[in-house]
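Structure first, commentary second.
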Amino acid sequence: MVPMKRKRSLPPLRVAVIGASRAGLPLALLLAERGHHVVLVETDAEALDTLKSGKYPFLEPGGPELLQACIDKESLQISSRLSVIEGSDVILLTCTTPIDTRLIPDMSHVDAAIRDLKPHLRGGETLVFRATVFPGTSEKIEERLSQRSVGPRIGVSFCPERLAMGHTVKELTEVPQIISGSSPQALSHAARLFDPLSVDLVELTLLEAEVATLFLNAWRYVSFGTANQFFHIAASKGLDFDKIRSAIVYRYERASGFPRSGFTAGPRLYQDMMQLAAYCRHTFSLGHAAMLVNETMPDCLVEQARQKLLEQGTRGFKGLKCGILGMAFKPDSDDCSDSLALKLRDLLLREGAEVRCADAFVQEREGMELVSQSALLESSEAIFIGCPHSQYSSISFRQAVFDCWGLVREPDFTLFQATSLDCRALRVAVVGGAGHVGLPLSLVLAERGHEVVVVDEDAQKLAEIQAGRIPFLETGGPELLQRCLESKAITFTSQVKEVSSSDVIIVTIGTPVNEHLNPCFSVVQACMDELTPHLHPGQTLLLRSTLFPGTSSRVLASLPAGVNVSFCPERIAQGKALEELTDLPQIISGSNQQALEHAKALFAPFKVDLIQLELQEAEVAKLFLNAWRYVAFGTANQFYHIATSKGLNFDRLRAAIVYRYPRASGFPRSGFTAGPCLFKDTMQLAAYCRHTFSLGHAAMLVNETMPDALVEQAKAGRPASGMALSGVRCGILGMAFKANNDDWRESLAFKLRRLLLWEGAQVSCSDVHMHREEFIPLDQLLASSEVLFLGCPHEEYREISIQPHQRLYDCWGFFESPKLAIQGARSDRSSLEEESRRGARSPIPSC
Ligand SMILES: NC(=O)c1ccc[n+]([C@@H]2O[C@H](COP(=O)([O-])OP(=O)(O)OC[C@H]3O[C@@H](n4cnc5c(N)ncnc54)[C@H](O)[C@@H]3O)[C@@H](O)[C@H]2O)c1
Ligand SMILES: O=c1ccn([C@@H]2O[C@H](COP(=O)(O)OP(=O)(O)O[C@H]3O[C@H](CO)[C@@H](O)[C@H](O)[C@H]3O)[C@@H](O)[C@H]2O)c(=O)[nH]1
């Protein structure tokens, strides 16, 4: 990132804001308050009168005070005549390009606005678009306006609004502003426009700014869709999604953006996702899959209700008095545009129910008759939560409630705080203890006072470990192993019978899916068959491998009476076990009290909080967590495809989106999404819901075909068509499944190698952490390859230099510096420069 020197105290501009919209009004007021000469044009007479009387027309904290201040100081001119814009430097428009019913972007709003403005444009001014538009719109408008024969050129700028309604006034002075412009003057107008807000300005091109905004909203839409699909899955299995979600996110940073379920609606997300879909000619499969989930949430609630009514033997919907509580599209808002509560109402009416709606925030209007909350609660036989305004959380309902938001909560999980747990030493056997999960766990258990025996069928690996070598990269692992070996706190065996003297037997064996993407229960069964003869009552079998839901109960049923079962999923990131095991809260579950007591005693010395769930809830929680990450990475990968196909650099857009914007802090990078967990766990979840997990499947097709996309890019970059890579010397840099790791399992770099070989290329591979006979050293690979592919972005590759005749294909955005221009507004300029340096990457040209 390149920080640009920021001029301060720029002279005020003459600004015209068209329309007192939710986005336009607060900005107009704030800019007027802070020194620009602002005129607000509102052609609707009623809206104009409301404003002039000092009434802020929306529910927006801080809005009314701001309006009053502008009226008192006469700092804002309000008019119904468009002619007042004449002579403005900047004209701000908040009209959008919605999607019509055939999924085609509807330009009529923008066209009409330009038509109305045109007679009043003098030349030299800049039109600033603030609401999302179909990519290319800004450029089109500029072209159209430049056809004028007289006067200086009119500039166009796109500066997207990224504020959360209900926080707009506050966020206007906090959230960095993305700016763009059709000319240096348009860009300078945009920068001057936002100058009084004292926020950092991130500069993109017009098209980049348009696409980045769609990426941001489409990513949120897919993420919410994933939570909604989990809600469906949980509900169909009689589980409480909200409870499972709160267990997942409790003090677990990797899941900090894991969303709630609910009605995903409103004027922005659906429209923006569809604009992006239309932009890439409807190849945005994850967006479409999310749409089908999000838009059918009301159907899901109605079906739930129907089921319940059937179970209760009641008469069904006909004549049933149904109440919808909350009609806004999001909590504590008065906006019900595109709210799914309206769709819910229509569905219930169609079923023959008598429907009443209540929402104290929303204004009654034609087609939206409202009753009071108390009348609704009194008269309804069934309540549907249309929007969970916070004031509803204290209501105790006397009738059946249907709620997909988690407003009506079941009792939460039980939490055992680290400080409340008593430590007592246990005898512990870890089956699969030489593996990636088993070994670090065994070492930490031993170091923290338990008596540990590592049981593993791989005698060679055991010998290696006993000789003081960890068979894989694990930060801090070799040192800890040495300490454990020296203190004799741990023993090793390949004899399963050794488990018989343990209090707790932990199972950490691999649990793969087969070639039909179904879980192989036989692997677990085989292990149980081996263990069973050596188990006795009072012992707890603690399952730690990721399991197909229901496996723990199935195992319990197959064990001798008196043996307990516990399931405590492992949630570490590979390679970071030692740091994370004593940092992350543990999810625990047990078939009875003794199993739970064993789990508590086992983890007590780790000094972390314990979250108690039921067996199946814990199994599902682990799958939800990994599947959500898998879909999120798939979304970034699909954006990478879209950006690349349009000649845009995804990583640059991503950098602009996440720059000091907390709502996008979890926005992932693109890359090869692989490894032994994410793909497999997503497929286990899909199998669990009989392959109705459409978002998981869509993500799988995107993630698994990243190597294909790279090969196609490389072929397109060659002169010949057909077997364009035949005989070409290709080198793959990095073969592990993730950076700074030596694990090759399910790595997509190997798939890339196969594809290149199929194309007839001569393929060499290299990896700084993985040593295999067929791999060649890095310098040899760099010297001999005509075409290079980044298979895995190990840190060591930062410094390498690529020759001008070599082509490099990098879908991780590792080698490309985002080269963003940021105009800092903060006083802490040095920290901005430091941030920019950290963001910068070695300037190696890539394709
Ligand atoms: N790798 C991770 O970071 C990670 C993180 C969380 C969860 N998980 C889950 O943990 C489980 C284990 O994954 P892993 O990466 O440690 O696998 P792994 O292959 O590294 O380890 C499994 C170990 O079990 C041993 N083993 C297999 N069957 C056995 C048997 N019947 N008796 C004795 N030993 C046996 C193997 O020899 C191997 O050493 C999987 O379910 C995985 O999804 C893995
Ligand atoms: O923005 C990103 C970050 C990562 N990846 C890729 O995604 C894969 C998985 O990465 P990550 O989740 O960081 O590593 P894992 O060690 O596989 O950990 C996952 O799988 C473990 C095993 O179940 C869980 O315990 C962890 O919570 C879960 O993050 C790797 O190929 C990464 O290169 C991306 O594509 N985009």
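Order of listing sets the numbers, starting from 1, for every ligand and every atom in it. Each residue takes its place number in the sequence, starting with 1.
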Please determine if [X] has a nitrogen or oxygen closer than 3.5 Å to a nitrogen or oxygen of ligand 2.
X	result
Ala674	yes
Asn637	no
Arg669	yes
Ser670	no
Phe672	yes

Given that the side chain starts at C-beta and the backbone is N, CA, C, O, which of these parts of [X] lies under 4.0 Å from ligand 2, counting heavy atoms, or is it both or neither?
X	result
Tyr630	neither
Ile572	backbone
Asn626	side chain
Leu748	neither
Phe737	both
Trp628	neither

- Message: So for Phe679, does at least one of its heavy atoms come nearer than 4.0 angstrom to any atom of ligand 2?
- Response: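 Per 4.0 Å heavy-atom rule, Phe679 does not contact ligand 2.
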- Query: Any non-hydrogen atom of Asn703 lying under 4.0 Å from ligand 2?
  - Reply: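 No; Asn703 lies far enough from ligand 2 that no heavy-atom distance drops under 4.0 Å.
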- Residue pair Gln574 / Asp743, side-chain heavy-atom distance below 4.5 Å: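 Answer yes - side chains close enough.
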Kindly confirm or rule out a cation-pi arrangement of [X] over [Y], judged by NZ or CZ under 6.0 Å from the six-membered ring centre and within 45° of its axis?
X	Y	answer
Arg772	Trp744	yes
Lys243	Phe413	no
Arg571	Tyr252	yes

- Message: Less than 4.0 angstrom from a charged side-chain N to a carboxylate O is my criterion; do Lys622 and Glu619 meet it?
- Response: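 So Lys622 does not pair with Glu619 through a salt bridge.
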- Query: Side chains of Ser500 and His534: do they bring a donor and an acceptor to under 3.5 Å?
  - Reply: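 There is no such pair (donor and acceptor under 3.5 Å, judged by atom type) between the side chains of Ser500 and His534.
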- Message: Looking only at side-chain N and O atoms, does Tyr630 offer a donor or acceptor that is under 3.5 Å from a partner on Asp681?
- Response: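 Judged by distance alone, the side chains do not pair up.
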- Query: At a 4.0 angstrom heavy-atom cut-off, what protein residues surround ligand 1?
  - Reply: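 These residues qualify: Val431, Gly432, Ala434, Gly435, His436, Val437, Asp456, Glu457, Asp458, Lys461, Thr508, Ile509, Gly510, Thr511, Cys527, Glu530, Ser545, Thr546, Glu570, Ile572, Gln574, Lys622, Cys677, Lys680, Arg745.
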- Are Phe693 and Phe230 near enough that their ring centres are under 6.0 Å apart?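 When the ring centroids of Phe693 and Phe230 are compared, they turn out to be within the sub-6.0 Å range.
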- Message: Just to confirm my output: which protein heavy-atom neighbour is closest to atom 29 (O) of ligand 2, and how far is it?
- Response: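 The closest heavy atom on the protein side is Arg629 NE, 2.9 Å.
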